[in-house]
Structures are given as structure tokens and as C-alpha cells.
S.K.: 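Quick one: structure below, then a few questions.
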Amino acid sequence: MARFNNLHNWTLTPAEAVALQQQLRSEIRIEPLTRPVETIAGCDISFNKFEETVYAGIVVLQLDTLEVVEEVGVISTATFPYVPGLLSFREGPALLDAWAKLKIEPDVVMFDGQGIAHPRRIGIASHMGLFIDRPAFGCAKSVLVGKYDEPAPERGNWSPMVHYREVIGAALRTKDKVNPVYVSPGHLIDMETAIDLTLRCNGGYRIPEPTRRAHNLVNALRRGERAAD
DNA sequence: GCGACAG
DNA sequence: ATCTTGTCGC
């Protein structure tokens, strides 16, 4: 029921995908939120090694309580290969299928990957943000591009990620003495807000709740289970 | 030219 | 991403 803009078709070659990213990047808007956040969604993909079947899922949480408000899962087929810098072309289609099944339209969406912390400033969170026309940001487990100084070891500390003299995101400590996660705005949100939301989704783990729950959901779906927790 | 490289 | 046991550190 949740709708999105069909900005382009997904049948492309890697070279065409890069050209398309150059086209789309001018539409991305990094700015403060315009509405308060009540619900936040987490997305993830899972699949079996050497197989093309993809299990995609989205979990919507109430921001203040982190309780699950809705979750949807879809089984699809990946047509695009995994190429660093082109992740959205592999996972995007399935995630949009899942998005279309949502009854609730989340106020903001967290993606498992980069926002503008990308070689062409259009990682999966930015690309998906343009499609769903909603505030979106990325919270990745590793770096794609950019350098940063190690943030202080206590949860809440962060240091800017820089690429070609530009601040593209933040290495954020979500848990004491544990490797940071890499947060970057995707679309219709700014870095400070993305950092704040990530910290507010604390469940005691390195990975924030939206993404962690979505990860559990898609893995349960892939293994043919019923419950995700 | 060589290495790095979200999930 | 996925395949997997034990193991080092707090």
C-alpha cells in the first residue's frame, strides 16, 4: 500500500548503472527533517550462497519504544550482481517490493549500507530515498569510501568520514569499545539527525534495532521459519 | 601500476 | 552476503 516513484527501470548493465547514478545524484537533498519522527523502518536482504533468490524485509518500529509496528517480507530474484558502488541495483528492486506491501508509511528509513558516503554520493539509502520520497539514511557495518580518525571508545562518540575534502558521514560508536558503524545521510535528512536517530535506536547491540530486526526477519524468512525473534 | 572495494 | 568453532578480552 505504501507507494513510491518509479524513477527508472532496473534492467541495466553496470556501466549504465553508473551513468544513471550521475544523473540521479543532482536530485538528492541533504537537509533537516521537516516533520517529527514517530516511526522508523529498517531494511535488509538475505540469500543463500550461490543462489539468486533474495529474501527482502522491512520492519517498522515506534521510535520512542522501539516496539515493532509492522513487518513485511518478500521473496524475489536478484538480476544484478554485487558490485561495490552499485549495491542499490542488486537490492533495490526487492526492497521496493517489500515497501509496496507496507500498510504504514514510515517517517524515516534506515538502510543497511551507505547514504552519500559513496564514490558518486548516491549509495543505497540515497537511491531508495529518491524512490520512496521519504527521509532515508544509511548505517553501514563497514566503509566503502572515506577516511576517519578513530572515535573515542565510549558509545555516542563519533568522528567525520572525509572523502575528497568532503564530510560524507560519521564513524559512530553505538556501543562502548566496539567497532563503530558508518552513518551517512541519504535523502531529505542531515548527518546530525541521522546520528541522533541511530543512537535513539539503541537495543544494546552494535547494530541499531531497525536493521538488526530486519536482519533477523529476512534470515528467518530464508530458513523457512515463522518467528523472527 | 597496485590495492581497496557497502551487502 | 554466506559458510562456521573455538577463543581472546572485558
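Owing to the predicted nature of the structure, the values given are computational and were not obtained by experimental measurement. Each chain gets a letter, A, B and so on, in the order the sequences are listed, and its residues count up from 1.
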S.K.: Only counting residues at least two apart or in another chain, list the ones meeting side-chain contact (heavy atoms from CB on, under 4.5 Å) with A/Y205.
M.R.: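 Here the qualifying residues are A/E209, A/R212.
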S.K.: What residues from residues 47-57 of chain A pass a heavy-atom cutoff of under 4.0 Å to DNA chain C?
M.R.: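 The stretch gives A/F47, A/K49 as the residues lying under 4.0 Å from the strand, ordered by number.
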S.K.: As a test of understanding, state which of A/I58, A/L95, A/D112 forms a side-chain contact (heavy atoms from CB on, under 4.5 Å) with A/D44.
M.R.: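 Answer to the side-chain contact (heavy atoms from CB on, under 4.5 Å) test with A/D44 among A/I58, A/L95, A/D112: A/D112.
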S.K.: Taking all non-hydrogen atoms of both residues into account, name the closest pair between A/R134 and A/D107 and its distance.
M.R.: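 Answer, listing the atom of A/R134 first, then A/D107: NH1-CA, 4.4 Å.
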S.K.: Report all interatomic pairs (protein N or O, nucleotide N or O of nucleotides 6-9 of chain C) with separations under 3.5 Å.
M.R.:
none

S.K.: How close do A/A2 and A/E105 get, heavy atom to heavy atom, and via which atoms?
M.R.: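 Looking at all heavy atoms of both residues, the shortest contact is CA-OE2, 3.4 Å.
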S.K.: Restricting to salt bridge (charged side-chain N to carboxylate O under 4.0 Å, His left out), what partner residues turn up for A/K101, sequence neighbours left out?
M.R.: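 None.
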S.K.: Could you state the NZ-P distance from A/K177 to C/dC10, rounded to the nearest angstrom?
M.R.: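 For the pair A/K177 NZ and C/dC10 P, the rounded distance is 7 Å.
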S.K.: Please identify each residue that fulfils side-chain contact (heavy atoms from CB on, under 4.5 Å) with A/V68, with sequence neighbours left out.
M.R.: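 Per chain and number, A/V68 pairs via side-chain contact (heavy atoms from CB on, under 4.5 Å) with A/V59, A/L61, A/E71, A/R213.
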S.K.: Side chains of A/R121 and A/Q21: closer than 4.5 Å at any heavy-atom pair?
M.R.: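 The answer is no, as the side chains (C-beta and beyond) never meet within the 4.5 Å cut-off.
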S.K.: Have a look at A/G85 and say if it touches a base, only the backbone sugar-phosphate, or nothing, with a 4.0 Å heavy-atom cut-off.
M.R.: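 Base, at least one base atom sits under 4.0 Å.
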S.K.: When all nucleic acid strands are considered with a 4.0 Å heavy-atom cut-off, which category describes A/L95: base, sugar-phosphate, or nothing?
M.R.: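 Touches nothing.
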S.K.: Taking A/L130 as the fixed residue, which of A/R29, A/E27, A/H8 is the one that meets the side-chain contact (heavy atoms from CB on, under 4.5 Å) rule?
M.R.: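 Between A/L130 and the candidates, side-chain contact (heavy atoms from CB on, under 4.5 Å) is satisfied uniquely by A/E27.
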S.K.: Can A/V183 be reached from A/V145 by stepping across I, L, V, M, F, W or Y side chains whose heavy atoms are under 4.5 Å apart?
M.R.: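 Different hydrophobic clusters.
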S.K.: List the atom of A/M161, the atom of A/A117, and the distance in Å for their closest heavy-atom pair.
M.R.: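 That closest heavy-atom pairing would be CE-CB, 4.4 Å.
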S.K.: Hey, is the main chain of A/L172 close enough, under 3.5 Å, to the side chain of A/R155 for a donor-acceptor pair?
M.R.: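 Absent.
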S.K.: Residues of residues 140-160 of chain A with any non-hydrogen atom less than 4.0 angstrom from an atom of DNA chain B: list those, numerically ordered, please.
M.R.: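 Residues of residues 140-160 of chain A under 4.0 Å from DNA chain B: A/A140, A/K141, A/S142, A/V143, A/L144.
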S.K.: Please find the earliest and latest nucleotides of DNA chain B, in the 5' to 3' direction, that have an atom within less than 4.0 Å of any heavy atom of chain A.
M.R.: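 The contacted stretch runs from B/dC5 to B/dG7.
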S.K.: Grab the two heavy atoms, one from A/G113 and one from A/I124, that are nearest each other, plus how far apart they are.
M.R.: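 Shortest heavy-atom contact: CA-CG2, 4.1 Å.
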S.K.: Going by number, which of residues 178-196 of chain A have a non-hydrogen atom under 4.0 Å from DNA chain B?
M.R.: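 Under 4.0 Å from DNA chain B: no residue of residues 178-196 of chain A.
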S.K.: Could you write out DNA chain B as dot-bracket? Rules: Watson-Crick or G-U wobble, both distances under 3.5 Å, brackets [ ] for crossings, | for pairs with another strand, dot for unpaired.
M.R.: .......
S.K.: Mind telling me whether A/F80 and A/F89 have parallel, tilted or perpendicular rings, with 30° and 60° as the class edges?
M.R.: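 The rings of A/F89 and A/F80 sit tilted, inter-plane angle from 30° to 60°.
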S.K.: Would you say a side-chain N or O of A/N219 is under 4.0 Å from OP1 or OP2 of C/dA1?
M.R.: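 A/N219 to C/dA1 OP1/OP2: no side-chain N or O under 4.0 Å.
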S.K.: Would you say A/R222 reaches C/dT2's phosphate, i.e. side-chain N/O to OP1/OP2 under 4.0 Å?
M.R.: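 Yes, A/R222 has a side-chain N/O under 4.0 Å of OP1/OP2 on C/dT2.
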S.K.: May I ask you to check whether over 12 heavy atoms, not counting those of A/N5, lie within 6.0 Å of atom CG?
M.R.: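 More than 12 within 6.0 Å, yes.
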S.K.: Output the rounded distance in Å from CZ (A/F89) to C1' (C/dA1).
M.R.: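 Interatomic distance, CZ of A/F89 to C1' of C/dA1: 19 Å.
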S.K.: Would you indicate whether the side-chain heavy atoms of A/Y148 and A/W158 approach each other to under 4.5 Å?
M.R.: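 When only atoms from C-beta onward are counted, A/Y148 and A/W158 do not touch, as no gap falls below 4.5 Å.
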S.K.: Given side chains that start at C-beta, do those of A/T198 and A/C139 come closer than 4.5 Å, heavy atoms only?
M.R.: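 Yes, side chains in contact.
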S.K.: Please list every stem that involves DNA chain C, where a stem is a run of 3 or more consecutive Watson-Crick or G-U wobble pairs with both pairing distances under 3.5 Å.
M.R.: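 DNA chain C forms no stems at all.
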S.K.: Donor-acceptor pair, A/N219 side chain versus A/H215 backbone, under 3.5 Å?
M.R.: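 Checked: pair present.
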S.K.: Of all residues at least two apart in sequence or in a different chain, which pass the salt bridge (charged side-chain N to carboxylate O under 4.0 Å, His left out) check with A/D176?
M.R.: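 A/D176 satisfies salt bridge (charged side-chain N to carboxylate O under 4.0 Å, His left out) with no other residue.
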S.K.: Return yes if some donor-acceptor pair links the side-chain N/O of A/E166 with the main-chain N/O of A/H163 below 3.5 Å, else return no.
M.R.: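 No; zero donor-acceptor contacts below 3.5 Å.
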S.K.: What are the two closest non-hydrogen atoms of A/N9 and A/L12, and how far apart are they?
M.R.: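 The pair with the smallest heavy-atom distance is O-CD1, 3.9 Å.
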S.K.: Does A/N48 have any side-chain contact (heavy atoms from CB on, under 4.5 Å) partners at least two apart in sequence or in another chain, and if so, which?
M.R.: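 Checked A/N48 against side-chain contact (heavy atoms from CB on, under 4.5 Å); matches are A/E51, A/Y55, A/R222.
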